[in-house]
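Here the structure is laid out as structure tokens; the discussion comes afterwards.
Just follow the structure's listing: the first ligand is 1, and inside any ligand the first atom is 1.
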Amino acid sequence: MANQTASYVLVALCLLVLAAKGAEARQPRLVPAMYVFGDSTVDVGNNNFLRSSSVARANFPHYGVDFPSSAPTGRFSNGFNTADLLAQLLGFQMSPPAFLSLRGSTMRSRMYKGINFASAGSGLADNTGHLLFGEVIPMSLQLDYFAAVVEHMTRVSGSRKTASLLSRSIFFISTGSNDMIEYSVSRGNDTEFLRGLVATYKRYVTALYTMGARKFSVISIPPLGCLPSQRLRRLKQMGTQGCYDPLNDLSLRSYPMLAAMLQQLAYELPGMTYSLGDAFSMVSFVFANPRTNAWSFTVLEAACCGGGPFGAAYACNQTAPLCLDREDHLFWDANHPTQAVSGIAAQTLFAGNRTFVNPINVRQLALL
Ligand SMILES: *[C@@H]1O[C@H](CO)[C@@H](O)[C@H](O)[C@H]1NC(C)=O
Ligand SMILES: *[C@@H]1O[C@H](CO)[C@@H](O)[C@H](O)[C@H]1NC(C)=O
Ligand SMILES: *[C@@H]1O[C@H](CO)[C@@H](O)[C@H](O)[C@H]1NC(C)=O
């Protein structure tokens, strides 16, 4: 009898779970599609198809240990990354698929809901990542791929329908960190470097606009100097603990330049709208408030997966040390946040106030 009751309860629970899943799937999407551009912070597997070194790949354990089925997919995370979690808030299941994973028929069925062009190790400059990682997809090539997709859509649906779909879709961009880290190795004139970086960024946002994009969600460069890899760099160079300040100074300086560039574009280009997430402020806020009602981090400096000082001296792979509790770590590997931190970033991009997202957040951008 007790067993029977238990099994009825179990069946009822299963039905509830199924009903909840059905409801989730029926949740309306706020935008027709999401297109993603950038680097490892949002790559969902494009680099699996390249001849890049293992440092620019994440398609092996322990990557993905908290992803459904613990699958290593190419995401530089223990689970979902910021593109996935933002996509979920917009009503999608996860990030759109990696461009290089699509072929003929899958391309045709997927391109109307979005594609992810991001490539780990890449940057705004064409040569960023090339020496360190081998083959990566620079921003210029990500845009060439997108241009081919737009052409394909136009052939199938006509230019009016394509333009309408693209104008309502979200274009999510997370890039610039790799350019900055490479520049920091042999610094020249910082002002000139930053101006060049933002000018290149402007060119690519303008090119996307020309192809039909109107709604841009951009995330600025985070305080890179506090990455475990950069803490190790400081320890080696100066023998002291802490964030690597030259990189933090650069990313701090880049934010107002990026903000001014986007504001200028919105003024120049009719119908161009954007939401700029201030990654520097977001990460600084979490460092200053590691414990709140919404989260609790106890390890702020060391990577969860990886060995040596700060978990940054030996890369994350199947034989590397792995922390037990990913929820209490800010950093997953030497250069990337945990899913928990990406969740905070996505939630803040989507619904945050003007301390963190300007001039509007992504929910407001989607509903425009
Ligand atoms: C760096 O470049 C800026 C802009 O070109 C210039 O005004 C400045 O004097 C340069 N700084 C140095 C230290 O050369
Ligand atoms: C994992 O990385 C370490 C050092 O970073 C390396 O010595 C080892 O061979 C790697 N293991 C695998 C399975 O790739
Ligand atoms: C924005 O949100 C943060 C975090 O929730 C909060 O600390 C801050 O006071 C808010 N700022 C404004 C202007 O509402």
Practice problem: Not counting sequence neighbours, list each pair that qualifies as a ring-ring contact (aromatic ring centres under 6.0 Å, His included) and has a residue in residues 175-194. | Solution: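 Sorted pair list: Y183-F193.
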Quiz item: Is there any N or O on Y314 that sits under 3.5 Å from an N or O of ligand 2?
Solution: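 Checking ligand 2 against Y314, no N or O pair falls under 3.5 Å apart.
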Quiz item: Has ligand 2 got any nitrogen or oxygen that is less than 3.5 angstrom from a nitrogen or oxygen of T319?
Solution: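 Yes; at least one N/O pair falls below 3.5 Å.
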Practice problem: Determine whether any heavy atom of A315 lies closer than 4.0 Å to an atom of ligand 2. | Solution: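 It does; at least one heavy atom falls under 4.0 Å.
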Quiz item: Between T128 and D179, does any side-chain donor sit less than 3.5 Å from a side-chain acceptor?
Solution: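 Indeed, the side chains of T128 and D179 share at least one donor-acceptor pair under 3.5 Å.
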Quiz item: Distance only, no hydrogens: is a donor on one side chain within 3.5 Å (strictly under) of an acceptor on the other, for S164 and R168?
Solution: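 Yes, because at least one side-chain N or O of S164 sits under 3.5 Å from a partner of the opposite role on R168.
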Quiz item: Between C323 and C305, is the SG-SG gap under 2.5 Å?
Solution: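 Answer is no: C323 does not pair with C305 in a disulfide.
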Between side-chain atoms of residues 216-223 and protein atoms elsewhere (two or more places apart, or another chain), which donor-acceptor pairs fall under 3.5 Å?
from : atom 1 : to   : atom 2 : distance (Å)
S220 : OG     : G277 : O      : 3.2
S220 : OG     : A279 : N      : 2.9

Practice problem: Determine whether V283 and C226 make a side-chain contact, defined as any pair of heavy atoms from C-beta on separated by less than 4.5 Å. | Solution: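 Counting from C-beta outward, V283 and C226 never come under 4.5 Å.
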Quiz item: Hey, does the side chain of Q230 reach the backbone of G225 with a donor-acceptor pair shorter than 3.5 angstrom?
Solution: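 Pair absent, no side-chain N/O of Q230 close to backbone of G225.
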Exercise. Within a distance under 4.0 Å of any heavy atom of F356, pick out the atoms of ligand 3 and give their elements.
Key: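 Going through ligand 3 atom by atom, the ones under 4.0 Å from F356 are 2 (O), 3 (C), 4 (C).
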Exercise. Find all atoms of ligand 3 within a distance of less than 4.0 Å from any non-hydrogen atom belonging to N353, and give their numbers and elements.
Key: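 That gives atoms 1 (C), 2 (O), 3 (C), 8 (C), 10 (C), 11 (N), 12 (C), 14 (O) of ligand 3.
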Practice problem: Quick one: list whatever passes ring-ring contact (aromatic ring centres under 6.0 Å, His included) with Y244, sequence neighbours left out. | Solution: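 Y244: no ring-ring contact (aromatic ring centres under 6.0 Å, His included) contacts found.
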Quiz prompt | Amino acids in close contact with ligand 1, where any non-hydrogen atom sits under 4.0 angstrom away | solution =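 Correct list: N189, E192, R195.
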